[in-house]
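First the proteins, then the strands, lettered A, B, ... as listed; each starts at 1.
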4 protein chains.
Amino acid sequence: MVDESGRGRPRSESARTAVLHAVDDLLVEIGYAALTMKGIAERAGVGRQTVYRWWSNKAEVLYEASAIDAGRELSVPGGGDPHEDLKTYLDALVAFLSRSHAGTAYRALMGEAQHDADVAALLASRDILGESAAAVVEAARNASGTALSSEQATALLIGPPLFHILSGRGADGIDTEQLAERFLRTLNHPGT
Amino acid sequence: MVDESGRGRPRSESARTAVLHAVDDLLVEIGYAALTMKGIAERAGVGRQTVYRWWSNKAEVLYEASAIDAGRELSVPGGGDPHEDLKTYLDALVAFLSRSHAGTAYRALMGEAQHDADVAALLASRDILGESAAAVVEAARNASGTALSSEQATALLIGPPLFHILSGRGADGIDTEQLAERFLRTLNHPGT
Amino acid sequence: MVDESGRGRPRSESARTAVLHAVDDLLVEIGYAALTMKGIAERAGVGRQTVYRWWSNKAEVLYEASAIDAGRELSVPGGGDPHEDLKTYLDALVAFLSRSHAGTAYRALMGEAQHDADVAALLASRDILGESAAAVVEAARNASGTALSSEQATALLIGPPLFHILSGRGADGIDTEQLAERFLRTLNHPGT
Amino acid sequence: MVDESGRGRPRSESARTAVLHAVDDLLVEIGYAALTMKGIAERAGVGRQTVYRWWSNKAEVLYEASAIDAGRELSVPGGGDPHEDLKTYLDALVAFLSRSHAGTAYRALMGEAQHDADVAALLASRDILGESAAAVVEAARNASGTALSSEQATALLIGPPLFHILSGRGADGIDTEQLAERFLRTLNHPGT
DNA sequence: GTATAAGCGAGACGGTACGTCTTGTCTTGGC
DNA sequence: GCCAAGACAAGACGTACCGTCTCGCTTATAC
């Protein structure tokens, strides 16, 4: 996609990883609000132009820096008992959203997306939350024969704990055991 | 804190309303991202210090400017058929979050709250979404005798459509009729 | 000219002098080529905007910082013997152009003016060299009854030593005694 | 210095001339101030390193690009009537300094030399102006038997019109006829 | 009625991030 | 080993906004 001709100095992989690591570090040390492109470049020991050459804004570089972590933290084995797998997934989701650094970045990006179309498009390009839930949701849907679409089921599963956390209530009041059980019962009910 | 002695020139109510109106107008015209304290003051024909005197940051003035609208848009009559009232409320909620100016402001504030403790405290000071749902949620809880707490029930009601909208899917795919029905069935089910 | 209305915070005189002193200091310490608006602002302990608010470019601030010195260094008493006064003036001129800090600045500005219309206009707004020579030139013209205009006479006086210095030959080879004498003889000659 | 061993690819003459032509063109099109090494290389269709390999800075390449033109424009036949030859030379000098592209480049370089020792050394390496005047000046000196050195005479001839042009007065007010006459009379006068 | 106090609009202040630009160097593959 | 291409680190550019400050003016209560 980049440098199709093969001519010119190739992209420096070390610069790329230095930037991503700098973002990770700074996110922990000073937080999202204090992140600046200038600060990232300086911390990475990289020219500012090099950052702008490969990422067009703070959101893009932050997204790339945390997407891998996010995927890893949200992936659960699956394939076992549906109820158990659901609870495991919800625990991972709650931990990610409320305690993980990658989750902090993701919440900030989701916030930014509410008033920045570029960030919204970036997040829409890959539905990290939806993807992470896909396996357990599909297993539950198949086992129940529900009429709910994947999207409806995903919203039903993720929505309640997400609202809880986004509205500042923290993760303590969330009972993933109950959430999993209610989710399954709603799916199993013939009328929906 | 403010003029306890009664001496000195009193606060100018016209300046206050001019600021709030300027915020409303600018939010529509240029959007949240382009809002600046400088721009607000200039649009209101007010000194910048006057804005800072009464609101400590952009979030506070925006919150005050949209809270009244938010409350009005989210208040539904209630007292009728529970299912019907729930659907009416959900329609109002979806319209607020996805189409209203006040809702745009609220989403932006909720986003900011994810990485700004001051904004988080501001939103926590009054749970606009939760309050708005309280009447219909309580009516449904009382009618069903559910074991779910008010908070759990509220998250169950608001979470799914909120996730849908916040993740950039828009409001079109939301079936408030089904959401209301599923919500009631979950409450009525003895096991939860 | 500035702040005609009298409203708003008045210009800070201390900031203005801090900038001019910073320019003076930096010119000596790091030289003209290394002067930057950023560096001036930092050295003066002043915001960069403050510099840009009152001077539109490096040339303007440098001009203001050195014009006073230039005028002082080039002013000679006059009123005595024409030949003596001319030599005194030429000595001052040569010292200014070849050794003084203000003269270094002036040569740099004159150089910049050759390819920057703004700087050219700035220098044209006040002909520092011409002005400084005016008194001695007029005295000589009046005493001789020459047909040469002020401008022609000024060029005749200043041109040769200026060429010498600008072309990098330094000041050592300049005999101001002879220059003064030749200048007077050219003026006194009836044919010119 | 350059490729003494004869090994490796020889210097590309076409690259060299492409650079010099690019400088000539850009000087006319965008002016000296906007000239950049990057722009020169791109215009010449040449790698930037190739420019740096043969010229160490903007001044050097500009000097080489305009020196030939400068020499040509300033060379006058000579050998005729001294007064006539002087006037011809002064006309060429004034045209060069005030209207020629090469002259524009030369004025810019002379300006740069005032605060850049490298450029000063470059210009000092070959005294283009002095050389150009040498023939007519020597002819006049020999004919007059003046006591003035070549350098003094050259400064006397070139200085006044140079000051006129460098100080932004343009070429219109210069009377080369009179300048030539005065120059000759000063040389002929026994006392100098 | 006059002193005192505080709010007001305006706008300059020091500070700092923005995204772009140019510099001179380095690193590819191709000639 | 030169060449075109183009990425690299560095750092200045001029602009924008931040939150504070300093003016003269206005509008109140308190003496």
Minimum heavy-atom distance between A/Ala102 and A/Ser66, given as atom pair plus value: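 The pair with the smallest heavy-atom distance is CB-O, 4.0 Å.
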Positions of residues 36-49 of chain A (non-hydrogen atom under 4.0 Å from DNA chain F), listed by number: A/Gly45, A/Val46, A/Gly47, A/Arg48
Please report, rounded to the nearest Å, how far the [atom2] atom of [N] is from the [atom1] atom of [X].
X: B/Tyr52; N: E/dC13; atom1: OH; atom2: C1'; result: 14 Å
X: D/Trp55; N: E/dT23; atom1: CH2; atom2: P; result: 15 Å
X: B/Arg16; N: E/dC8; atom1: CZ; atom2: C1'; result: 17 Å
X: A/Asp118; N: E/dG19; atom1: CG; atom2: P; result: 11 Å

Grab the N/O contacts between the protein and nucleotides 23-26 of chain F below 3.5 Å, and write none if there aren't any.
unit_1, atom_1, unit_2, atom_2, d
F/dT26, O2, B/Arg9, NH1, 3.2

Derivation and outcome, salt bridge (charged side-chain N to carboxylate O under 4.0 Å, His left out), residues B/Glu112 and B/Lys58: CA-CA 11 Å; B/Glu112 205 85 335; B/Lys58 197 166 71 169; 5.4 Å; no
Nearest to side-chain heavy atoms of D/Ala15, which nucleotide of E/dC8, E/dC13, F/dC3: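 Looking only at side-chain atoms, D/Ala15 lies closest to F/dC3.
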Do [X] and [Y] make a side-chain contact, defined as non-hydrogen atoms from C-beta onward lying under 4.5 Å apart?
X: C/Asp24; Y: C/His101; result: no
X: D/Asn57; Y: D/Glu60; result: yes
X: D/Leu20; Y: D/Trp55; result: yes
X: C/Leu166; Y: D/Gln114; result: yes
X: D/Ile128; Y: D/Tyr63; result: yes
X: D/Val51; Y: D/Arg48; result: no

Strictly below 4.0 Å: does [X] bring a side-chain N or O up to OP1 or OP2 of [N]?
X: D/Arg53; N: F/dC3; value: yes
X: D/Trp54; N: F/dC3; value: yes
X: C/Thr50; N: E/dG14; value: yes

C/Arg16/C/Val19 under side chain to side chain contact (heavy atoms under 4.5 Å, CB included): CA gap, chis, key distance, verdict: CA-CA 5 Å; C/Arg16 179 179 163 272; C/Val19 168; over 6 Å; no
Close residues, residues 56-64 of chain B, relative to DNA chain E [heavy-atom separation under 4.0 Å]: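 Nucleic-acid contacts, sorted: none.
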Stacked cation flag B/Arg11 on B/Trp54, 6.0 angstrom / 45 deg: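 Ring-cation test returns yes.
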Check: A/Ser56 side chain, A/Tyr52 main-chain N or O, donor-acceptor pair, under 3.5 Å: no
